[in-house]
Each structure stands twice: as structure tokens, then as C-alpha cells.
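We use all heavy atoms of the structure for the numbers below, so side chains are in, but hydrogens, waters and symmetry mates are not. Letters go in sequence order (proteins before strands), and every chain restarts at 1.
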Number of protein chains: 2
Amino acid sequence: MSTDTARRLVDSMRELLWERGYTGTSPKAVLQRAGAGQGSMYHHFSGKADLAQSAVTATAAELRATVDAQLSAPGSARDRITGYLCREREVLRGCPIGGLTQDAELMADPALRAPVAETLAWLRGRLAEVLAEGVAAGEWRSSLDPDTTATTLVATLQGGYVLARAAGSPEPFDQAVAGALGLLAAFQV
Amino acid sequence: MSTDTARRLVDSMRELLWERGYTGTSPKAVLQRAGAGQGSMYHHFSGKADLAQSAVTATAAELRATVDAQLSAPGSARDRITGYLCREREVLRGCPIGGLTQDAELMADPALRAPVAETLAWLRGRLAEVLAEGVAAGEWRSSLDPDTTATTLVATLQGGYVLARAAGSPEPFDQAVAGALGLLAAFQV
DNA sequence: GTCTATAAGACGATAGAC
DNA sequence: GTCTATCGTCTTATAGAC
């Protein structure tokens, strides 16, 4: 059993979904990148949608694990939030999950859409938890609303990618993050 | 000369670019929506890219005019910013300009990318001007940085669209805006 | 100006040999 | 398990009639 070929197919699909989206990615392009023939793909998967589902699920799981490790690390809530917002990113490539929301064909398929929706919903919730910890610990004033602020921070990142891609430079992303941190700083005790 | 057919083609392309992106939009789909034949399109435009350029340019101009009217209206800077952030939007359709940044094929064409880049850069600058007015007028503390904050606000909107589309509900968009307004309120004098 | 006909190639999937 | 061959459809564009 060639688990290896299946994995190369999934990895190739993950890369292409990130670069060109679901609509812009053909099975042929995936096969070429993976160095496999038509038969391999249709042996391991029922088709393009099925392979994409494995790819999106894997990317979502990886993103979630990475973020959770960072947000669950030791340190103050403020340090963890700042660290997450300022961590290294391949800004111009965009968010491998958030970017998929723009693909109508992908979003029309419940199996493909679900991991995207769940990951972003989880992210908002996880950030809200950390913000709430910070408020409870007296790091921020209690007038800071954890839920709406968490959504604003996630939106800032997602929108930062959009502005950076438009500009062809990471600068707007960094500026968006800097602005958010500046606004958040007003709530420090 | 059938200016009318050309306009219907542009309008149809504008709608489809918004709904399905550049890669996901075929000339055939545009022609069907416009009720025209192949010949009409290739008479008025050199091809798909040329028609799309007219469409993107028109959408960009319209967005810019709408926003500028709102941000240049009479009233305090704070009211204008709040009004802009809270204005009626077809949230689940996403931003007709910002959404295009996710389309690699469109962004690879300088003629198609330029109006997208210019519109979002202009928007950041225009919001920064209004924020600076507000600071100068004593509406916000001088510790509020107009440039980074403007980028954060535009990113919040763009990211709000992403989160709303993922969730299939306008709620995350509204929450992101509410969070941003809450953060901004801390700078009120 | 607009139409239909046509073209070469890509798309997504299937069949069947090995 | 993987390959090549093949299928019917769609894509983008051109040709030429009207």
C-alpha cells in the first residue's frame, strides 16, 4: 500500500490550494507536482473534492495545533497575544485557511467548508479565552470585551493578509498588527 | 454602436467577479448573463482579461466614490468613522475589491491588479486623514496613531468579511466592527 | 454589431492493461 | 497500485456569414 503516494498527493493539493485556490487547481496540476499519474489519484481518492477535503482538513489541523501551542504556552496573556499577533508569517501567501473563504466553489461543498468554518470559529474562541484570562488577571481593564475584541484581532490578521497581497508587500499587514496592539495598549492597567 | 451591449457585458462581468472571482468566471457565463453572443464580446473587448479590466475599474471607481462621499460628509470625524464602519453592507458577498486579492490569476495581471491595489491603498489613506482630523480636533487623544489605526480598521472590515463568509453569517463581521469601535473608544477625550 | 460555427486544448472522470 | 488511453464537456478564442 502506497501511503507515500497518497501523502504526496495531499501535500501537493495543500500547496496548490494555498497558491491558487480550489477553483484554480486542476487534478492535472496536483498530479504533476506530486509526480503521479491519474490512476494513483483515483485509486486513493474518489476525485478532486475528496482529495481537497483531506488537504483542507490537514491544513486546518496543523494551523490549529500551531496556534494552540503558542496560546497555551507559559507567560502572561498579554505576552501570548502579542506573540501570536507578531509571529513570523508568510504574509504574501495569505492565510491557508482564511483565503479559502473567497472560493465560491469550495464554500458550496459542505465537506470542504466545514473545516474552514470550524477553524476560524475555534480561533476566535481561543483568543477570547486568553483575553478573558488577561482581564481576570488584571492585565487589562474589565471594560475590554473578550469576545468582540478576539473577533477584531482575528479579522485584523485576515484583513492584513488581504491588504498585504493587494500592496504586494507585508507592510500593511505589519501596520494593521501595530495599530491593533496600539489600540489594545489603551486597556492596560 | 451598441454601447448598451458593452455595458451589459461589463455589468455581468462585475457581478460574476464578485460572486465567483476571475478564475471562476468564464466568458460563456458572462455572455449568458448579459444575453449576448460570443461575437459581441470579442467586438467590444479583446478578451476575458480586457473585459475584466473594465469591470474591476468600474467597481473600484464606484467603491471609492461611495466611501469618499461618506467620509467627506459634514459631521465630526468620530461620527464619520463610525458611520462608515457601521454602514449597510452585503456582508456575505464579501468586498467586491478586497475579495479579488485572493485570485492568483487576476493578481498576476498588472492591469487587473492595479485598480485593486490603488483602491485599498487610497482607502487606508483616506481613513487616516479622517482619524488625523479627529485627533487634531481633540476628539481622540494624540496617542492615537492615524496611519496604523486606519490600516487596522480597513483590515478589520476585510477580515470581517472573511470570518462572516466562513461562518455563513454576518455576525462575526458585526462583532469585529463592534470590537474595533470598543477599542477606539478608549482614546476618546 | 451581432450571430453561429468551429477549433485546439484543458478539465474531471472512467476503463482497462500491467 | 500505477500506468496510459479514452471520454464528453467546458474554455478561450477565431472565422466568417449576415
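One atom, CG of A:Leu9, and another, P of C:dA13, lie 14 Å apart when rounded to the nearest Å. D:dA13 atom C1' lies 9 Å from atom CE of B:Met41, rounded to whole Å. Across the protein-nucleic acid pair, B:Gln32 atom CD and D:dC10 atom P stand 10 Å apart, rounded to whole Å. Rounded to whole Å, atom P of C:dA13 lies 10 Å from atom CG of A:Leu51. Separating the CD atom of A:Gln38 from the C1' atom of D:dA5 is a distance of 10 Å, rounded to the nearest angstrom. A straight line from CG of A:Asp50 to C1' of C:dA13 spans 13 Å, rounded to a whole angstrom. For the pair B:Glu105 CD and C:dA10 P, the interatomic distance rounds to 14 Å; values are reported in whole Å. Between the C1' atom of D:dA13 and the CZ atom of B:Phe45 lies a distance of 16 Å, rounded to the nearest Å.
Side-chain proximity of A:Lys48 to the nucleotides D:dT2, D:dA13, C:dA13 is greatest for C:dA13. Nearest nucleotide to the side chain of A:Pro27, out of C:dG12, D:dT12, C:dT2: C:dG12. Side-chain proximity of A:Lys28 to C:dA10, C:dG12, D:dT2: nearest is C:dA10.
In this model, the phosphate group of C:dC3 is not approached by any side-chain N or O of B:His43 to a distance below 4.0 Å at OP1 or OP2. Proximity of B:Tyr42 to the phosphate of D:dA13: a side-chain N or O atom is located under 4.0 Å from OP1 or OP2. In this structure, B:Ser26 reaches the D:dT11 phosphate: one of its side-chain N or O atoms is under 4.0 Å from OP1 or OP2. Contact annotation: A:Thr5 reaches the phosphate of D:dT2 (side-chain N/O to OP1 or OP2, under 4.0 Å).
Between A:Ser46 and A:Ala29, it is A:Ala29 whose nearest contact on DNA chain C lies nearer the 5' terminus.
Seen from the ring of A:Trp18, A:Arg93 counts as a face-on cation partner, given the 6.0 Å and 45° thresholds. In this structure, B:Arg78 fails the cation-pi test against B:Tyr84, since its NZ or CZ atom is not both closer than 6.0 Å to the six-membered ring centre and inside 45 degrees of the ring normal. Geometric assessment of A:Lys48 against the ring of A:Tyr22 yields a positive cation-pi assignment under the 6.0 Å and 45° thresholds.
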Derivation and outcome, salt bridge (charged side-chain N to carboxylate O under 4.0 Å, His left out), residues A:Arg80 and A:Glu133: CA-CA 11 Å; A:Arg80 280 175 285 154; A:Glu133 284 176 43; 2.9 Å; yes
Intermediate values then yes/no, side chain to side chain contact (heavy atoms under 4.5 Å, CB included), A:Leu120 and A:Gln158: CA-CA 10 Å; A:Leu120 291 173; A:Gln158 292 296 327; 3.9 Å; yes
